[in-house]
Number of protein chains: 2
Amino acid sequence: MSSPTIKHQLLTQFARLGKALSHPNRLELLEFLAQGPRGVDELAGVSGLSVANTSQHLQQLRQSGLVESRRQGQRVYYQLAGDDVVSLMDALRRVARQHLPDVDMLVRDHLDPRDAMEPVPLDQLLARIRNGEVTVVDVRPEAEFRAGHLPGALNIPLEELETRLTQIDPEREVIAYCRGPYCVLAYDAVYRLRERGYRARRMEDGYPEWKTAGMPVEETG
Amino acid sequence: MSSPTIKHQLLTQFARLGKALSHPNRLELLEFLAQGPRGVDELAGVSGLSVANTSQHLQQLRQSGLVESRRQGQRVYYQLAGDDVVSLMDALRRVARQHLPDVDMLVRDHLDPRDAMEPVPLDQLLARIRNGEVTVVDVRPEAEFRAGHLPGALNIPLEELETRLTQIDPEREVIAYCRGPYCVLAYDAVYRLRERGYRARRMEDGYPEWKTAGMPVEETG
DNA sequence: CTATCATTCAATTGATCTATTGATTCTTGA
DNA sequence: TCAAGAATCAATAGATCAATTGAATGATAG
């Protein structure tokens with residue numbers, strides 16, 4: 001061994017990252033943060049955790065280098081440390097899907113059946129948006145939509161889908177998207193739209209991946 | 001929340017993967033396994049762990065889906081579950097390097113100074129090997145070399161480097177490689193060769209990445 | 001300066017993880 | 001069938017981690 005000490009130090013550091021990814025609550029927080037910066041209470045709200053607990057998990061994430069925080073007024077905003085964190089989570093999901101039978105089963109049983117309709121790849125979609133061929137529907141809650149969305153997207157949170165169907169042209173194809181590849185919102189939306197006769201498909205991946213891929217977005221700053 | 005149960009189940013499964021990556025010894029085992037299949041006692045030997053401990057870590061890795069095992073005779077061989085596992089580890093290293101100051105410091109202080117010489121990218125190297133322009137030196141132990149190596153590579157384990165210098169043509173450029181991007185063996189080799197006046201450079205990444213990239217290899221067996 | 005809100009800290013308990021030890025299973029060769 | 005090597009299993013003690021609780025900090029509005 002040329003330098004076991006350095007090697008071990010490096011491995012210990014890498015393991016810190018793994019530890020950060022080893023708790024479901026932290027992974028959920030990372031998924032929310034992939035949407036964009038969020039405050040602590042906001043994150044506590046959507047994840048159903050106590051504020052103190054959320055804060056502690058976020059600090060672990062910060063110490064592991066996955067997220068950063070900045071203070072703005074009396075609240076603290078957390079955000080992913082970089083796009084490579086999104087890539088890391090993608091790699092994690094891909095391996096899980098590929099090699100954990102339980103994951104494959106969950107996805108197959110609960111998500112895939114609704115998705116016999118193949119998802120639309122990002123790059124193809126951009127061209128069709130510019131041609132005005134499709135109606136892009138963002139089914140996330142309004143707050144997330146406001147923080148950033150696809151160009152020309154129509155925001156219809158899932159709960160309002162039935163009541164706002166009239167806003168969607170039945171002649172044009174509908175592309176729904178939400179938070180990410182395993183976000184069920186878009187699946188649900190496509191499912192319900194198809195039930196009503198719309199030609200609906202799901203966008204492959206979600207908003208964070210779209211943005212990470214360098215595609216144009218509309219942001220409210 | 002459309003289906004919190006499924007979501008939570010998925011996150012829990014993803015967390016299993018993170019847990020597998022949360023201990024330095026397991027990461028080290030994964031790095032060795034990235035070289036190719038290995039027996040338990042072999043892994044225990046190179047990692048310095050007891051056989052029982054090694055076995056238990058390997059079983060955790062297997063349960064997390066990262067590695068597979070098969071019995072051959074009286075010994076059990078473990079191997080990575082797929083190339084996506086290598087990608088996952090790459091993503092992990094990249095994020096660590098980017099966002100953990102300690103890692104960047106370690107790499108900068110101990111590895112980078114020896115590497116002012118820029119590493120050779122994989123794709124460029126292949127062409128130069130075929131032209132016969134370079135001497136490719138594999139500095140890993142002989143056992144690992146035998147399991148698989150770059151086409152035409154010369155195996156000179158680091159300890160034997162000084163005694164076998166005569167086998168290297170001083171006129172041709174030397175490209176050294178070993179186990180991976182953070183393997184210190186190749187750094188050491190380049191450093192020592194340069195001390196003696198050779199034109200030596202390091203291959204970017206190591207044998208596992210080369211093989212994963214679909215490049216040609218020579219395998220025994 | 002005080003009251004209030006958002007966040008963090010500190011301390012506790014119960015749960016999970018790790019390395020070691022010694023016994024056990026499984027396979028091969030005699 | 002028996003003995004030996006390889007790997008796993010089972011049980012233990014020490015360490016680390018997670019969620020809760022209540023107190024403490026930091027920033028803003030009045």
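Note: hydrogens, waters and symmetry copies are ignored here, and every other heavy atom, side chains too, is used. Within every chain, numbering begins at 1; the chains are lettered A, B, ... in the order of the sequence lines, protein sequences first and strands thereafter.
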* Any side-chain N or O of H57(B) under 4.0 Å from OP1/OP2 of dA19(C)? -> yes
* Structure fact -> Separation of dT16(C) atom C1' from K19(A) atom NZ, nearest Å, is 12 Å
* Within this structure, what is the CG-to-P distance between L29(B) and dA19(C), rounded to whole angstrom? -> 10 Å
* Given that R71(B) and R71(A) both sit by DNA chain C, which one's nearest nucleotide is further toward the 5' end? -> R71(A)
* Asked: Starting at CG of L58(B) and ending at P of dC9(D), how long is that distance when rounded to a whole Å?
  -> 12 Å
* To do: Using the closest heavy atom to pick a nucleotide of DNA chain D for each, name whichever of S22(A) or Q72(A) lands nearer the 5' end.
  => S22(A)
* Distance test, side-chain N/O of S55(A) to OP1/OP2 of dT7(C), below 4.0 Å -> no
* Structure fact -> Only residue of H99(B), R97(B), Q98(B) satisfying side-chain hydrogen bond (donor to acceptor under 3.5 Å, both in side chains) with D104(B) is R97(B)
* Do any side-chain nitrogens or oxygens of Y77(B) fall under 4.0 Å of OP1 or OP2 in dA6(D)? -> no
* To do: Look at the side-chain N and O atoms of Y78(A) and state whether any lies under 4.0 Å from the OP1 or OP2 oxygen of dT8(C).
  => yes
* Asked: Given atom CG of N25(A) and atom P of dC17(D), what is their separation to the nearest angstrom?
  -> 16 Å
* Asked: Mind checking whether Y78(A) and R38(A) have side chains closer than 4.5 Å, heavy atoms only?
  -> no
* To the nearest 0.5 Å, tell me how far Q60(B) CD sits from L29(B) CG. => 10.5 Å
* Residue-phosphate contact under 4.0 Å: Q74(B) side-chain N/O, dT25(C) OP1/OP2 -> no
Nucleotide N/O to protein N/O under 3.5 Å, stretch nucleotides 20-22 of chain C:
from    : atom 1 : to     : atom 2 : distance (Å)
dT20(C) : O4     : Q56(B) : OE1    : 3.4

* Structure fact -> note: R75(B), atom CZ; dT28(C), atom C1'; distance rounded to Å ~ 12 Å
* Structure fact -> Closest non-hydrogen atoms of Y177(A) and A153(A), given as atom of the first, atom of the second and distance, are OH-CB, 3.9 Å
* To do: Answer yes or no: is there an ion pair linking R93(A) with E209(A), defined by an N-O contact shorter than 4.0 Å?
  => yes
* Asked: If only side-chain N and O atoms of R26(B) are considered, is one of them under 4.0 Å from the OP1 or OP2 phosphate oxygen of dT18(C)?
  -> yes
* Kindly say if H23(B) contacts the phosphate of dT16(D), meaning a side-chain N or O under 4.0 Å from OP1 or OP2. => no
* Asked: L43(A) has an atom CG; how far is it from atom P of dT8(C), in whole Å?
  -> 11 Å
* Asked: Salt-bridged, R146(A) to E218(A), with N to O below 4.0 Å?
  -> no
* **Protein-nucleotide distance (L11(B), atom CG; dA18(D), atom P), rounded to Å** => 15 Å
* To do: Starting at atom CG of L21(B), determine the distance to atom P of dC17(C), rounded to an integer number of angstrom.
  => 15 Å
* Q60(B), nearest nucleotide to its side chain (from dT18(C), dA7(D), dT8(C)) -> dT18(C)
* Structure fact -> Result for side-chain contact (heavy atoms from CB on, under 4.5 Å) between L185(B) and one of D138(B), L158(B), V190(B), L161(B) points to L158(B)
* When you check the phosphate oxygens OP1 and OP2 of dT7(C), does a side-chain N or O of Q59(A) lie under 4.0 Å from one of them? -> no
* Presence of salt bridge, E219(A) and K211(A), under 4.0 angstrom -> yes
